[in-house]
Every structure is written in C-alpha cells, then in structure tokens.
Amino acid sequence: MDARPNSPEARDIRYHLHAYTNARKHQETGPLVIEKGDGVYVEDIAGNRYIEAMAGLWSVAVGFSEKRLVEAATRQMSKLPFYHDFGSKAHSPLIDLAEKLVQMAPVPMSKAYFTNSGSEANDTAIKMIWYRSNALGQPARKKIISRKRGYHGVTIAAASLTGLPNNHLSFDLPIANILHTSTPHHWRDAEPGESEEQFSSRLADDLEKLVLAEGPETIAAFIGEPIMGAGGVVVPPAGYWEKIQAVLSKYDILLVADEVICGFGRTGEMFGSQTFGIKPDIMVLSKQISSSYLPISALIINDKVFEPIADESARIGTFGHGFTGGGHPVAAAVALENIKLIEERDLVGNARKVGAHLQARLRKLASHPLVGEVRGVGLIAAVELVADKASKAPWGKPAALGALVNGLLQQNGVISRNMGDAIAFCPPLIITEAQVDALVDAFERSLDAALPQVRPQG
C-alpha cells in the first residue's frame, strides 16, 4: 500500500467507510484500488492485473470493457438523460425493457416493476405482498419465509430476509413477520447416510411444520435464490425445489425467486428457475441485467400478484410506492443492450460449456488436503475449505482459512471472495477455457501455499 499522506490509499482510509469491511482493520491495511478493467481482467493503480473471478459482485456478465454498453448509455444520455414512471409517465427504453423481461420470463408473467438494486427490489416485493394480502381481505397473511444463509439484500426489510447473522447483529434485525427455515446444504447439514432426496424431503417437512405452527392463514410468501449466493454458493439437493413448491402450493403461498445472481445466464440457462424447475409468482432481477454498468433492478410479477394490487390501487387512488431513479432511461437502455449482447453472443451457452470446464477443473482439487467440498452449476462455484476432511472442522476460527487462501489467491493474480471458509468463483460469462485454467491453476497454487501454515508439521 502507498502510505504517502496524499496517496489514493491514504485518502480512502481518511474519507471512505467501506461496505462489508472491518473498518478498524481497513485503517491498518488500506484498500486495493482498481483503476481499469478489460474483459475478465481488472488492473490496480500499481499496474497489477487480476482475473476478476467474481465478475465484480456476481454481476459483470459481458466483461469490464464492453463498448456497446458505453455507446448505449451515451446515446440515451444525449436523448433523454432522465425521466420517471410516476403518475402514468413512461419512456421508450423502459417500455421496451418491461416488454422484453415479461416475454423472456420462464413462466407466464404480467408486469415488470423497476427499482435500482436487488435490495430495493426485495423490499418492494415485501410491500407488494403485504399490499396484496390487504387487497384480498387477508390482513393476517403477512409473514414471509426465507432461509438461513439466504441472501436478499441489506435494506431493513431485505436484510431481514437475509439469513446471515452478521447482517442482523447490532442492526436490530430481523423485523417482525420474517421467518427463516432450513438451509438446503446436504454436505454440511445432512444426517449420516441421508440421501439428497431424503434430505430434501426432511427440509420440505421442516417448512410444512413451520407453516402449520405459525398458521397457514398468516403465511404470505416464501423467498429463495435458485442457488444460494452469498451464503456460500449452496446448490439445492436433488428434489428440493419440487418438494418445497408442493408445500407452497398446498397452502396457497406465493413463491418469490430471487434471481439477482442466477439470472441472465449464470447457471447455463437464462434463469436459475429454469435450471431447477422453479415456477415463481415473482422474479427479482438485478446485477447481470445491465452487467452492473449502471444500477437497475426489476420485479416481474404474474397476474395472481398484479390483479389484486391493481384493484387496491383503484380503491385507494394510487399504488403509493416508487423510486426517483427506478427504471432510469439510461440504465434501461444499457440493460436492453446488455441482454441483446447476452443473446447475440450466446453467453448462456458459453456459461454452460465453459462452466462445465470450470466445474471439472475444480472437482479435480477435491482430493487436496484443504478441500472439503466442491459445488456449483454453470459459471458459479464454491470450494469449501476445511482443516480436517473427516470432521469438516475449520482451521481455528471459522473463516480464518477462507481469508488466508483468498489473500494468497489475490497475490497470485485472481480476485475472488471468501464467504466464511468457502471460496466463490463467479467470473464474467465471456470467460474462456484457457482463462478458467489460469484461474484454477492460481487457486491450486494458493491452496498449496496455505497448506504449510495450516499443517506446519506436514
């Protein structure tokens, strides 16, 4: 780190409070300052180049230097730099994007609603669900079931849906009417000898018991990511989504698919809901919708959700919810061009093909002494690290081994992210097999470098 008083690092320490960062530790270590990006690579201010193995934050599908997105933004900025959708106003990019999203949805949908982030979208989903329950004359039906280790954002309501302790501690969360059920992680949570199907059945039974204990008439919705992202890239076990949906259908509970990470090709299908046979009433979209070149998110809702909301807005006189930047014309134009690129270049197919190579390469590391589990689908994966394979025990405190290996990986030219002791990989959808090889080779070197520290006696 450049320690000069006027260096970017020093000024960052002085003026910037970082997201998801130990603020005191940051004062000692300072930031990694990224200066530019090109394809799957980013470069820091010292000229060091890295494979960005997390696509930024699970999100830069088309890479870091796509000129067509820059041009789309420039054209729209010159034509109409801002407008909104309050009071029946609209603009062409938003109309085109709404039509595109509804038409490309994997199940019949009715309307798209626009926000600026996944957190805002999930907050909006909660408000829509509550509004709908009141419209149906079911004021008691307000509880929403999420999952332990699920991730749905950081605003007050969305952070309550999130099932990670550090997102609740000292924030006085979760709020009322948010419940959490079991995590679908077979490797970590299955009983001895329990098959994936048996595990899925047990989790569906857990869900039904929760519904009955709370009262089915009080449960409005269930929310879940097709693959859990920030909770550790947890891939659902065999039969899981089929069994969960059967419980929801039995008690007329809405299903919200949080596609913020999985959507737009990550799993080797356009949506994670297609990969796992999910039939949602609401889909939440963000991140890869614009490759995060500009902030935009959306909810797609079916008629079961829309019609009661429309009736209630007629009774009240308005649907009293909206964001100044929701459906921003420049962001909408970029999202449209981004989706066009994903389709034109068959990046979903690339995620399927190159993703299979990534999964195969990572699974070859399963015998490494520090690897407990390798899991993933398409171009999203995680490697769970352990100090002892048999007991699945961590090295010292949980997350210490993940932090060690993640730091070594950055030294070896790859930016990733450890979620506890799980190292995640979620590169841009444009990545090649050769680039995957470079990524996994660097990861293997990092594991080997960590081993003597974890097992000093060999």
Side-chain angles (χ1 to χ4, degrees), residues 58 105-107 109 113 115 117-133 141-164 167-168 173-185 203-204 206-208 210-211 214 216 218-232 234-236 240-263 271-273 275-287 297-302 304-306 309:
W58 322 84
V107 293
M109 288 293 182
Y113 185 93
T115 52
S117 68
S119 297
E120 285 183 4
N122 279 321
D123 258 31
T124 296
I126 292 172
K127 289 183 71 177
M128 283 183 173
I129 289 162
W130 289 346
Y131 195 88
R132 174 184 181 271
S133 291
R141 194 181 277 262
K142 297 292 170 59
K143 296 173 186 173
I144 299 173
I145 299 175
S146 185
R147 298 177 297 178
K148 298 171 185 175
R149 290 173 61 187
Y151 187 88
H152 302 289
V154 296
T155 48
I156 289 174
S160 298
L161 294 175
T162 292
L164 297 170
N167 291 75
H168 294 165
L173 297 175
I175 60 173
N177 289 322
I178 305 297
L179 310 171
H180 291 88
T181 190
S182 310
T183 306
H185 192 181
L203 266 56
D206 287 348
L207 174 61
E208 184 164 25
L210 177 61
V211 170
E214 296 288 333
T218 71
I219 309 296
F222 176 96
I223 186 169
E225 306 150 273
I227 294 174
M228 283 182 161
V234 177
V235 180
Y240 174 79
W241 276 110
E242 177 185 357
K243 296 173 191 293
I244 292 296
Q245 288 180 102
V247 174
L248 303 180
S249 178
K250 181 176 180 180
Y251 297 103
D252 194 25
I253 297 169
L254 295 174
L255 174 54
V256 182
D258 185 333
E259 291 266 7
V260 168
I261 287 175
C262 292
F271 297 102
S273 292
T275 304
F276 298 104
I278 303 169
K279 294 179 171 58
D281 299 291
I282 299 174
M283 293 175 67
V284 179
L285 311 172
S286 190
K287 295 190 183 289
S297 56
L299 300 95
I300 318 177
I301 61 176
N302 62 15
K304 185 176 179 179
V305 176
F306 169 72
I309 288 175

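The two residues Ser273 and Ala257 have their closest heavy-atom pair at OG-CB, 3.7 Å. The shortest non-hydrogen separation linking Val256 to Ala221 is CG2-CB, 4.5 Å. Nearest heavy-atom pair, Gly150 versus Met228, reported as atom, atom and distance to 0.1 Å: N-CE, 3.6 Å. The shortest heavy-atom contact between Asn167 and Leu173 is O-CD1, 3.7 Å.
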Under the criterion side-chain contact (heavy atoms from CB on, under 4.5 Å), I'd like the reasoning laid out for Tyr240 against Leu203: C-alpha separation, chi angles, the key distance, then a yes or no.
CA-CA 8 Å; Tyr240 174 79; Leu203 266 56; 3.9 Å; yes
Should Asn177 and Lys143 be marked as a side-chain contact (heavy atoms from CB on, under 4.5 Å) after you check the CA-CA gap, both sets of side-chain angles, and the distance that decides it?
CA-CA 4 Å; Asn177 289 322; Lys143 296 173 186 173; 3.6 Å; yes
Glu225/Cys262 under side-chain contact (heavy atoms from CB on, under 4.5 Å): CA gap, chis, key distance, verdict:
CA-CA 8 Å; Glu225 306 150 273; Cys262 292; 5.5 Å; no
Dump the intermediate steps for side-chain contact (heavy atoms from CB on, under 4.5 Å) on Leu299 and Val305, then the final yes or no.
CA-CA 11 Å; Leu299 300 95; Val305 176; over 6 Å; no
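More than 12 heavy atoms of other residues, nucleotides or ligands shown are found within 6.0 angstrom of NZ on Lys142.
Phe222 is listed as a side-chain neighbour of Ile244, based on a closest heavy-atom distance under 4.5 Å. Ser146 is not listed as a side-chain neighbour of Leu179, based on a closest heavy-atom distance of 4.5 Å or more. Val284 places none of its side-chain heavy atoms less than 4.5 Å from the side chain of Ser297. Between Ile278 and Leu255 the shortest side-chain heavy-atom distance falls below 4.5 Å. Side chains of Arg147 and Thr183 form no contact here, defined as non-hydrogen atoms less than 4.5 Å apart. The side-chain heavy atoms of Leu248 and Leu207, taken from C-beta on, include a pair separated by under 4.5 Å. Counting heavy atoms from C-beta outward, Val107 and Asn302 have side chains that stay 4.5 Å or more apart. Counting only heavy atoms from C-beta outward, the side chains of Val235 and Phe276 approach each other to under 4.5 Å.
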Let me check something: any side-chain donor-acceptor pairs from residues 153-164 under 3.5 Å, sequence neighbours excluded? List them with distances.
from	atom 1	to	atom 2	distance (Å)
Thr155	OG1	Ser119	O	3.4
Thr155	OG1	Asp123	OD1	3.0
Thr155	OG1	Asp123	OD2	3.4
Ser160	OG	Ile156	O	2.8
Ser160	OG	Ile175	N	3.0
Thr162	OG1	His152	N	2.8
Thr162	OG1	Gly153	N	3.2
Thr162	OG1	Gly153	O	3.0
Thr162	OG1	Ala158	O	3.3

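Side-chain N or O atoms of Glu214 include none that pairs as donor or acceptor with a backbone N or O of Leu210 at under 3.5 Å.
In terms of the salt bridge (charged side-chain N to carboxylate O under 4.0 Å, His left out) criterion, residue partners of Lys250 (sequence neighbours excluded) are, by chain and number, Glu208. With sequence neighbours excluded, the residues satisfying ring pair (Phe, Tyr, Trp, His ring centres under 6.0 Å) with Phe271 are Phe264.
Taken to the nearest 0.5 Å, the CD atom of Glu259 stands 9.0 Å off from the CD1 atom of Ile300. Rounded to the nearest 0.5 Å, atoms CD1 (Ile219) and CD1 (Ile253) are 6.0 Å apart. Separating the CG atom in Asp258 from the CG atom in Asn122 is a distance of 4.5 Å, to the nearest 0.5 Å.
Here Lys304 pairs with Asp252 in a salt bridge; the nearest charged N to carboxylate O distance falls below 4.0 Å.
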